[in-house]
S.K.: 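Got a structure for you, questions after.
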Amino acid sequence: MKSLLLSLLLWLRALVPAPAQTPVPLGVWADDSGDSHIELYRCGEQLCGRLVWLRTPTDANGKPRLDEHHPDQSKRSQPLHNMTVLQNLRYNAENDRWEDGSLYDPDNGRTYSCYLAAAGKDRLEVKGYIGFSLFGRAHYWQRVK
């Protein structure tokens with residue numbers, strides 16, 4: 001009787017689907033302006049992103065472009081190449097997106113709250129906002145192959 005009950009429980013367990021793995025958009029993505037590529041990578045349990053390609057990597061003098069708009073003047077001498085611009089994104093299975101992160105915009109030196117969500121097979125919605133995501137602006141990045 002015990003073996004029959006155990007067999008039945010094992011059979012029922014096989015019918016329950018395994019939990020889905022967290023979709024991770026790792027890899028290199030082109031922003032919608034075509035001016036930069038951002039590599040998304042794991043940073044612990046979170047997701048981060050860094051600038052790995054710039055359409056204009058150097059200034060008029062041929063020197064690497066720097067983070068000249070950073071609010072902290074001591075960081076304005078940092079090169080933009082390989083700069084971390086996305087941080088602390090955590091996957092929320094209920095919303096099926098990576099959220100509660102921050103997005104730094106080196107064009108104006110501002111940091112926004114953000115989330116990332118799949119918008120197709122090789123397309124990613126990236127929304128930066130202040131306060132509520134309803135009042136933010138969405139961009140669509142394309143996977144670089």
Side-chain angles (χ1 to χ4, degrees), residues 6-145:
L6 181 61
S7 296
L8 182 60
L9 287 174
L10 289 174
W11 182 77
L12 288 173
R13 173 65 184 116
L15 293 177
V16 176
Q21 288 191 349
T22 304
V24 184
L26 300 178
V28 179
W29 298 82
D31 72 354
D32 51 6
S33 71
D35 291 334
S36 62
H37 291 176
I38 298 91
E39 178 186 22
L40 298 181
Y41 61 94
R42 282 259 193 209
C43 45
E45 292 296 313
Q46 301 170 353
L47 193 64
C48 294
R50 67 178 152 245
L51 289 170
V52 293
W53 179 86
L54 298 165
R55 179 178 303 284
T56 311
T58 57
D59 63 17
N61 299 320
K63 296 187 179 190
R65 285 182 51 208
L66 303 177
D67 188 15
E68 59 189 36
H69 300 291
H70 201 288
D72 180 347
Q73 287 193 358
S74 69
K75 295 185 178 184
R76 292 183 180 176
S77 60
Q78 295 180 67
L80 292 180
H81 188 261
N82 283 325
M83 173 180 282
T84 299
V85 292
L86 280 167
Q87 293 182 333
N88 304 323
L89 289 154
R90 292 177 175 80
Y91 184 69
N92 181 329
E94 188 174 307
N95 294 332
D96 192 27
R97 66 186 190 187
W98 290 83
E99 54 188 32
D100 297 329
S102 63
L103 170 66
Y104 175 69
D105 183 351
D107 288 337
N108 61 24
R110 293 186 180 151
T111 300
Y112 302 93
S113 298
C114 76
Y115 72 76
L116 307 178
K121 183 177 183 242
D122 288 324
R123 196 164 180 232
L124 198 60
E125 177 188 11
V126 180
K127 188 159 190 181
Y129 57 93
I130 296 174
F132 299 98
S133 63
L134 181 65
F135 301 115
R137 189 169 74 191
H139 293 271
Y140 292 89
W141 293 356
Q142 199 68 32
R143 186 180 294 278
V144 175
K145 297 188 180 196

S.K.: Drop me the distance from Trp98's CH2 to Cys48's SG, to the nearest 0.5 angstrom.
M.R.: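 That separation rounds to 10.0 Å.
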
S.K.: Provide the closest heavy-atom pair for Asp59 versus Arg65 in the form atom of the first, atom of the second, distance.
M.R.: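 For Asp59 versus Arg65, the nearest heavy atoms are N-CG, 3.9 Å.
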
S.K.: Hey, what do you get for NE2 (His37) to CH2 (Trp29), rounding to the nearest 0.5 Å?
M.R.: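 If we round to the nearest 0.5 Å, His37:NE2 and Trp29:CH2 are 12.0 Å apart.
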
S.K.: With sequence neighbours excluded, tell me which residues meet ring-ring contact (aromatic ring centres under 6.0 Å, His included) with Tyr104.
M.R.: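 Testing Tyr104 for ring-ring contact (aromatic ring centres under 6.0 Å, His included), a comparison that skips the adjacent residues, returns His70.
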
S.K.: Would you say Glu45 and Tyr91 make side-chain contact, with heavy atoms under 4.5 Å?
M.R.: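 Side chain of Glu45 against side chain of Tyr91, heavy atoms only: no contact under 4.5 Å found.
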
S.K.: Drop me the distance from Leu116's CG to Leu89's CG, to the nearest 0.5 angstrom.
M.R.: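 Spacing of CG (Leu116) from CG (Leu89) equals 5.0 Å.
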
S.K.: Filter on salt bridge (Lys or Arg N to Asp or Glu O under 4.0 Å), then keep only pairs touching residues 93-111, sequence neighbours left out; what's left?
M.R.: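 Non-adjacent pairs meeting salt bridge (Lys or Arg N to Asp or Glu O under 4.0 Å): Arg97-Glu99.
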
S.K.: Which pairs with one or both residues in residues 48-57 pass side-chain hydrogen bond (donor to acceptor under 3.5 Å, both in side chains), sequence neighbours excluded?
M.R.: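 Counting only pairs at least two positions apart or across chains, the side-chain hydrogen bond (donor to acceptor under 3.5 Å, both in side chains) contacts touching residues 48-57 are Asp35-Arg55, Glu39-Arg50.
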
S.K.: Give me the atom names and distance for the closest heavy-atom approach of Leu66 to Ser77.
M.R.: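 So the two residues come closest at CD2-O, 3.4 Å.
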
S.K.: Just how far is it from atom NE2 of His139 to atom CG of Asp32, taken to the nearest 0.5 Å?
M.R.: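 The NE2 atom of His139 sits 5.5 Å away from the CG atom of Asp32.
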
S.K.: Find the distance between CG (Leu51) and CG (Asn82) and round it off to the nearest 0.5 Å.
M.R.: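 Going from the CG atom of Leu51 to the CG atom of Asn82 covers 8.5 Å.
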
S.K.: Can you name the nearest heavy-atom pair linking Ile38 to Leu86, along with the distance?
M.R.: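 Where Ile38 meets Leu86 most closely, the heavy atoms are CG2-CD1, 4.4 Å.
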
S.K.: Of all heavy-atom pairs between Asp31 and Ser33, which one has the smallest distance, and what is that distance?
M.R.: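 Smallest heavy-atom distance, with atoms named: OD2-OG, 3.0 Å.
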
S.K.: Run the side-chain contact (heavy atoms from CB on, under 4.5 Å) check on Leu40 and Leu124 step by step: do they pass?
M.R.: CA-CA 11 Å; Leu40 298 181; Leu124 198 60; 3.7 Å; yes

S.K.: If you look at every heavy atom in Cys114 and Gly128, which pair is closest and at what distance?
M.R.: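 Between these two residues, the closest heavy atoms are CB-CA, 4.2 Å.
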
S.K.: Side chains of Leu47 and Leu26: closer than 4.5 Å at any heavy-atom pair?
M.R.: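 Yes, close enough: below the 4.5 Å cut-off.
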
S.K.: What closest approach, in Å, do Pro106 and His69 show between heavy atoms, and which atom pair accounts for it?
M.R.: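 Answer, listing the atom of Pro106 first, then His69: O-CD2, 3.4 Å.
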
S.K.: Rounded to the nearest 0.5 Å, what separates atom CD in Gln78 from atom CD in Glu68?
M.R.: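 Reported to 0.5 Å precision, the distance equals 13.0 Å.
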
S.K.: With the side chain counted from C-beta on, respond yes when Gln46 and Asn88 share a heavy-atom pair under 4.5 Å apart, and no when they do not.
M.R.: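 When only atoms from C-beta onward are counted, Asn88 and Gln46 do touch, with a gap below 4.5 Å.
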
